[in-house]
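Both counts, for ligands and for their atoms, begin at 1 and track the order of listing.
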Amino acid sequence: MDVYGLIGNPVGHSLSPPMHEAGYETLGLDARYVTFEPAADAGAEAIEAAETLGIDGLNVTIPFKQDVLDAVDPAPLAERIGAVNTVDFSGDTPTGYNTDAVGAVRALAHHDVSLSGTAVVVGAGGAGRAVAFGLADEGLSVRVANRTESKADALADEVPAATGHGLDSLPDLLADADILVNCTSVGMEEDETPVPADALHSDIAVLDAVYTPIETRLLQDAAAAGATTVDGAWMLLYQGVEAFERWTGEDAPVDRMNDQLREHL
Ligand code: ATR
């Protein structure tokens, strides 16, 4: 039996076990997905322990995404982002990937969003970093907007062809933009949004990384403006799909995993 799992602290609320196990079941794979909750300072030790035990793959979430970098051989994108959310133990040394970046890209592609032109990434924290690097790697021009403008500038300095801005620039930044991704936590509270509704338009695709609630105020405003909308569950789904495919070498049964994820949201 293959064993995959998640390390995080806390992990109690994770939607990954039902999503991944639906995938194993659909493909007839003899595999399980389990959650582990190491002490908050034991991320690197947990990777070593998993390798010793013969665990096949681990997802990594808060607070370990940066800590485990030193315990793995990071793929180039994960190294540039500075965070790992997926570890593959099939090689001589554990390899670390960042599938959050690819997750956003694949969520947009699933909705036939053209991955070209200009993207506005709101937020410069962990999610913002991953998405900014992921979209820039696809060839998009990235504009990072953040409440703390200096953090947007610092991130933009690292991402190819990116610029940094404060949130008050959003109307100007969005006027000719093709894609908007919200990577802040704003939207988890009812009726809050990081983006003024009148800055949205019908020529933009809007992905919200927030998935509780699933229909955020931002996505409601975007739909009202005639924009293409992609909810945060798609990004969550595709970071998992990307990990699943790296570990198993099989195409993931995306529809089944999506159904299962949404059932548990
Ligand atoms: P994550 O890993 O989910 O990205 P994070 O690293 O804590 O979480 O980053 C949170 C992001 O949400 C940051 O960009 C933060 O802006 P600051 O850098 O200015 O703190 C943004 N954010 C959080 N609360 C916000 C709010 N009320 N208004 C605007 N931006 C907010």
Quick check: do [X] and [Y] have side-chain heavy atoms less than 4.5 Å from each other?
{"X": "Thr193", "Y": "Asp221", "answer": "yes"}
{"X": "Asn59", "Y": "Tyr4", "answer": "no"}
{"X": "Leu218", "Y": "Leu180", "answer": "yes"}

Pairs under 3.5 Å, nitrogen or oxygen of ligand 1 with protein nitrogen or oxygen:
unit_1, atom_1, unit_2, atom_2, d
ligand 1, 2 (O), Gly126, N, 3.4
ligand 1, 4 (O), Gly126, N, 3.1
ligand 1, 4 (O), Ala127, N, 3.0
ligand 1, 6 (O), Gly126, N, 3.1
ligand 1, 14 (O), Ala124, N, 3.0
ligand 1, 14 (O), Asn146, OD1, 2.6
ligand 1, 16 (O), Asn146, OD1, 3.3
ligand 1, 18 (O), Asn146, ND2, 2.8
ligand 1, 18 (O), Lys151, NZ, 2.8
ligand 1, 19 (O), Arg147, NE, 3.1
ligand 1, 19 (O), Thr148, N, 3.0
ligand 1, 19 (O), Thr148, OG1, 2.5
ligand 1, 20 (O), Arg147, NH2, 2.9
ligand 1, 27 (N), Arg147, NH1, 3.4

*Using the six-membered ring wherever Trp is involved, compare the ring planes of Trp247 and His20 and label them parallel, tilted or perpendicular (cut-offs 30° and 60°).*
tilted
*asked:* Looking only at side-chain N and O atoms, does Asn85 offer a donor or acceptor that is under 3.5 Å from a partner on Thr99?
replied: yes
*Is the closest basic N to carboxylate O distance between Asp176 and Arg143 below 4.0 Å?*
yes
